[in-house]
Enquirer: 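Below you'll find the structure I mean.
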Amino acid sequence: QHCRLGAMSSIGNSRLTDVINVDVPSITKSVVGHVQTSLARAPYNLDDLGAYQAAALSVRDNLIVNWNSTQLNYSRKAPKRAYYLSLEFLMGRTLSNALLNLNVFDGYSESLNQLGFSLEDVIVQERDAALGNGGLGRLAACYLDSSATQELPVWGYGLRYKYGIFQQLIKADDGTQLEAPDPWLEHQNPWELPRLDVVYEVRFYGSSQRWSDGSGRAVWSGGQEVLAVAYDVMIPGYGTKNTNNLRLWESKPKRGFDLQSFNAGDYERAVETSNTAAAITSVLYPNDHNPPGKELRLKQQYFWTAASLADMMRRFKHMEKPIGEFAEYNAIQLNDTHPTLAIVELLRILLDEDEVPWDQAWTIVTNTFFFTNHTVLPEALEVKVFLEFENGNGLIDLDASLEMVGPPHGASTSEAYATAVEKKFPGDRERLARMSLIEEGFPQQVRMANLAVIGSRKVNGVAELHSQLVQSILFPDFVEFYGKSKFSNVTNGITPRRWLDQCNPGLSQLITDTLELPRAVWLKDLFKLEGLLAHADDERFQRRWAAVKRQNKERLAHFVEKMMGVKVDADAMFDVQIKRLHEYKRQTLNILGVIHRYLLLKSMTPEERKKVNKKVVFFGGKAAPGYYVAKLTIRLIVNVSRVINKDPDTMAYLSLFFLPDYSVSLAEVLIPASDISQHISTAGTEASGTSNMKFCLNGGLLVGTVDGANIEIAEEVGEDNVFFFGHLTPDVDDLRYQHTYHPVPVEKKSPALAHVLNTVSSGLFGDEGVYEPLLNTIRQGDYYIITEDFDSYIRALEMVDEAYADRTEWIKKSIRTTAKMGKFSSDRAIQDYAQEYWNVESVKIQD
Ligand code: BZD
């Protein structure tokens, strides 16, 4: 500790790297120093949690040094920067990732060993930072890792929720999902730096007065002001000093305590404003695809975008460049429509605070923003109510930027835009209504997606098929209006650091040995994995490959045994489906398939059973708390598992687990252990999927529909290495039409499925009658076309069994799959954004 402080004080004339703890003695010194001073504990009386905290603080010292020099370099060189605005960052654990990226994993492991700890046990003490719902939030985390690794000046902006995604519990008696809060900050968070000096005031409500000079400018005053306080999370790049920043905002009251009320004995009132302000960043919306339309969510969105823009603006003003050059130095990526208010907020700042004329302000805005869409499901398109709140002025001063302020002649942004549309498509009232920013009705609502499109320079989907659907289903009018060039595709990616090297060290080592390349090389250039193809037929390599998979399966088996007290057979095939519970993702299809397999096994003689491929099926995922059908699906899975796992006839051949409280950390154990994973959304509904990429990178094969990024994965690895089934996207609408106008009973379309549904109805899995609402979604309407896809799904699973029987061939498929995953590195994806969208270049950090 002493020695580090010494180095700090002479920072001006020494290399910044001097303070980094890399060798074992200095690591130990630093860890012990933190035990004694930061934790005020005695080293001989320390538990794993204490060891984690001390190790984390020591690693954090390293990060801070790199973070400081990175930020200093960015400020000095003043490059164009990009900002990733996301309401969700699903980071998971940081310690192991930081150790890996700083290349000090072995040093810390050795040091902790000497201190009597195992790094593995210490790492699992950390709680996941789960500030996200699912794919969209985890994508944001992967992109931060890749931006730092590619040395790109990219910052993330988000919210510092006090409670992350809820903890999922499964009720012991009936298997339903329960939700408990996730107090992830309980033990403090060593990975964040509170920036008590970076604070902005954010206004809500109040009123706006327009100037009478015809400029359209307005002054917004009154209402309620809340403070946004910055917390910085350091994002180390892999094998580089570049350490980027994720800035998360916490809301705080401007005046925390009303002493007058307190003195008058009104204690509740004394803390009232304080509580209202704090509520803004208290919870992550446990929402996936169902727009909550709640005032608090809107407040969160405005609070976050206003603070983030004020911060960017302050940084830009430091550069002393003309305001007209804002878009030459700043690019802002909108992660879905959630940050769309940033568009009107930037417009408001430019008009009202910087006195930029309307036309120029709009040009700046539309050169700054880029918009990524993550779903074509109509119910997920956000619409926001602005006009129903206090004193007629709306929750935020949208009047000033969207509705009332405009060019000198007084038209508004939406009017100016409407005029332009009208000019292009004269007399086309219907089209005008569709393209309008405002959805008519009581109350009127703003269509965030339309606003995001008109305010952005480019709009993208997240896989080829999805980007086409974005154009043909969501925004065809806009494609005609603006031309095709505004719309394009950036296929998602995943970081190979976390999703291979960190979660699957055995495979990473084998790859390094086989490619005869330092892992730092192939981890930064994932196309290098193609070198594995040359070894696919090498028997020794195949055996080592299979041994790694086996080890990972044993690790998972051990984990499940510890968590659930049940033995799992690592000899069986492991089949995994992990993702948010949603009808379109069709966990229902999977569980009905499991029941089908169970019934088949039951109908066999013991001799026949012995020939069957042994299988263990794993599910994991959370359902939105208000999503009844999704929760019922969980209940069915849990109750089916309770029956089949203890059936003596079949338990050796088929077992089933619903692993509660799915998280990034759980995914890190599940993914490396999977032989086959399921990505079985109704065609045309899954925008991309990213876990499909993670499984394949780890040598798992996939069974899936022709949807999202499954298609591009198959293009890379070859269709003979994936198990496709089901109807294609263009068929889906026709099938739905037929359900509506020419309904045919399930018995006719798929007797096998009808048998399964009847078995559930019969009460075999308990809870007679409870599942009828879920079964009825299939028997009537069947919006997600489970009936039409069921038989082909079962056939695909049979093909999986057959392929698995030839183990050597299976291993070759597995090797070939991993080898062809180069395209799906988030490094590639982030380069696409940096080059094609943001025009941002890398900045090398010098000491
Ligand atoms: O985004 C997901 C898509 O469903 C996946 O197909 C895709 O791979 C990933 C990343 O692009 N979408 C989400 O995760 N969406 C949400 O979590 C969400 C959250 C709040 C409100 C609406 C949607």
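Whatever order the structure lists them in is the order used to number ligands and atoms, beginning at 1.
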Enquirer: Would Val462 count as a polar contact of ligand 1, with the cut-off being nitrogen or oxygen pairs under 3.5 Å?
Expert: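 There is no such contact.
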Enquirer: Given the ring of Tyr157, does Arg247 sit roughly above its face, with NZ or CZ under 6.0 Å from the centre of the six-membered ring and within 45° of the axis?
Expert: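 Judged by the rule (NZ or CZ under 6.0 Å from the ring centre, within 45° of its axis), Arg247 is not positioned above Tyr157.
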Enquirer: With a cut-off of 4.0 Å, which atoms of ligand 1 are near a heavy atom of Ala687?
Expert: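 The list of qualifying atoms is 6 (O).
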Enquirer: Are Phe725 and Tyr793 near enough that their ring centres are under 6.0 Å apart?
Expert: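 Between Phe725 and Tyr793, the centre distance is under 6.0 Å.
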Enquirer: Test of understanding: given a 4.0 Å heavy-atom threshold, classify the contact between Asn492 and ligand 1 as side chain, backbone, both, or neither.
Expert: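 Looking at Asn492 and ligand 1, just side chain atoms fall under 4.0 Å.
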Enquirer: Tell me whether His338 reaches ligand 1 (any heavy atom closer than 4.0 angstrom to a ligand atom).
Expert: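 So His338 counts as touching ligand 1.
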Enquirer: Arg297: heavy atom below 4.0 Å from ligand 1, yes or no?
Expert: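 Distance cut 4.0 Å: Arg297 passes for ligand 1.
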Enquirer: May I ask whether Gly708 has any heavy atom positioned less than 4.0 angstrom from an atom of ligand 1?
Expert: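 No, that is not the case, since the closest heavy atom of the residue is not under 4.0 Å from the ligand.
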Enquirer: Indicate yes or no: does an N/O atom of Asn133 lie under 3.5 Å from an N/O atom of ligand 1?
Expert: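 No, no N or O pair falls under 3.5 Å.
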Enquirer: Answer with side chain, backbone, both or neither: which part of Met693 has a heavy atom less than 4.0 angstrom from an atom of ligand 1?
Expert: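 No part of Met693 is near ligand 1 at this cut-off.
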Enquirer: Go through ligand 1 atom by atom and flag the ones less than 4.0 Å from a non-hydrogen atom of Gly689.
Expert: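 In order of number, 5 (C), 6 (O), 7 (C), 8 (O).
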Enquirer: Which value, rounded to the nearest 0.5 Å, describes the distance between Met91 atom CE and Leu131 atom CG?
Expert: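 If I round to the nearest 0.5 Å, the distance is 8.5 Å.
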Enquirer: Taking the six-membered ring of Phe369 as reference, does the cationic atom of Arg457 (NZ for Lys, CZ for Arg) lie under 6.0 Å from its centre and within 45° of its axis?
Expert: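 No; the conditions do not both hold, so Arg457 does not lie above the ring face of Phe369.
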Enquirer: Can you confirm, on distance only, whether ligand 1 has an N/O atom lying under 3.5 Å from any N/O atom belonging to Ser688?
Expert: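 Looking only at distances, the answer is yes, because the N/O contact criterion of under 3.5 Å is met.
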Enquirer: Whether the side chain of Thr685 engages the backbone of Ser681 through a donor-acceptor N/O pair (distance < 3.5 Å, no angle test) should be reported.
Expert: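 Judged by distance alone, no pair lies under 3.5 Å.
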Enquirer: Using modelled atom types and a 3.5 Å cut-off, is there a donor and acceptor pairing between side-chain atoms of Asp336 and backbone atoms of Asn373?
Expert: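 Checking the backbone N and O of Asn373 against the side chain of Asp336, no donor-acceptor pair under 3.5 Å is found.
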Enquirer: Within the 4.0 Å heavy-atom shell around Tyr584, which atoms of ligand 1 are there?
Expert: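 Contacts of ligand 1 toward Tyr584, numbered from 1: 4 (O).
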Enquirer: Hydrogens and angles aside, do Ser86 and Tyr143 bring a side-chain donor and acceptor to less than 3.5 Å of each other?
Expert: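 The answer is no; no qualifying pair exists.
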Enquirer: For the pair Asp661 and Lys622, find out whether any cationic side-chain nitrogen is under 4.0 Å from an anionic carboxylate oxygen.
Expert: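 Looking at Asp661 and Lys622, the cut-off is met.
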Enquirer: Relative to the heavy atoms of Glu686, which atoms of ligand 1 are at a distance of less than 4.0 Å?
Expert: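 Close to Glu686: 3 (C), 4 (O), 5 (C), 6 (O).
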Enquirer: Just jot down the ligand 1 atoms closer than 4.0 angstrom to any heavy atom of His374, in number order.
Expert: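 Listed by number with element, the hits are 1 (O), 3 (C), 10 (C), 11 (O).
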Enquirer: Answer with yes or no whether Glu88 contacts ligand 1, where contact means a heavy atom under 4.0 Å from a ligand atom.
Expert: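 Yes, that is the case, since the closest heavy atom of the residue is under 4.0 Å from the ligand.
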Enquirer: Any N or O of Leu136 that comes nearer than 3.5 Å to an N or O of ligand 1?
Expert: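 Leu136 vs ligand 1: N/O contact under 3.5 Å present.
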Enquirer: With heavy atoms of Gly135 as the reference, note each atom of ligand 1 found under 4.0 Å away.
Expert: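 Selected atoms, number and element: 1 (O), 9 (C), 10 (C), 14 (O).
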Enquirer: Are Lys458 and Phe370 in a cation-pi contact, defined as NZ or CZ under 6.0 Å from the six-membered ring centre and within 45° of the axis?
Expert: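 No, a cation-pi geometry is absent between Lys458 and Phe370.
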Enquirer: Does NZ or CZ of Lys631 fall inside the cone over Tyr628's six-membered ring, less than 6.0 Å from its centre and within 45° of the axis?
Expert: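 No, a cation-pi geometry is absent between Lys631 and Tyr628.
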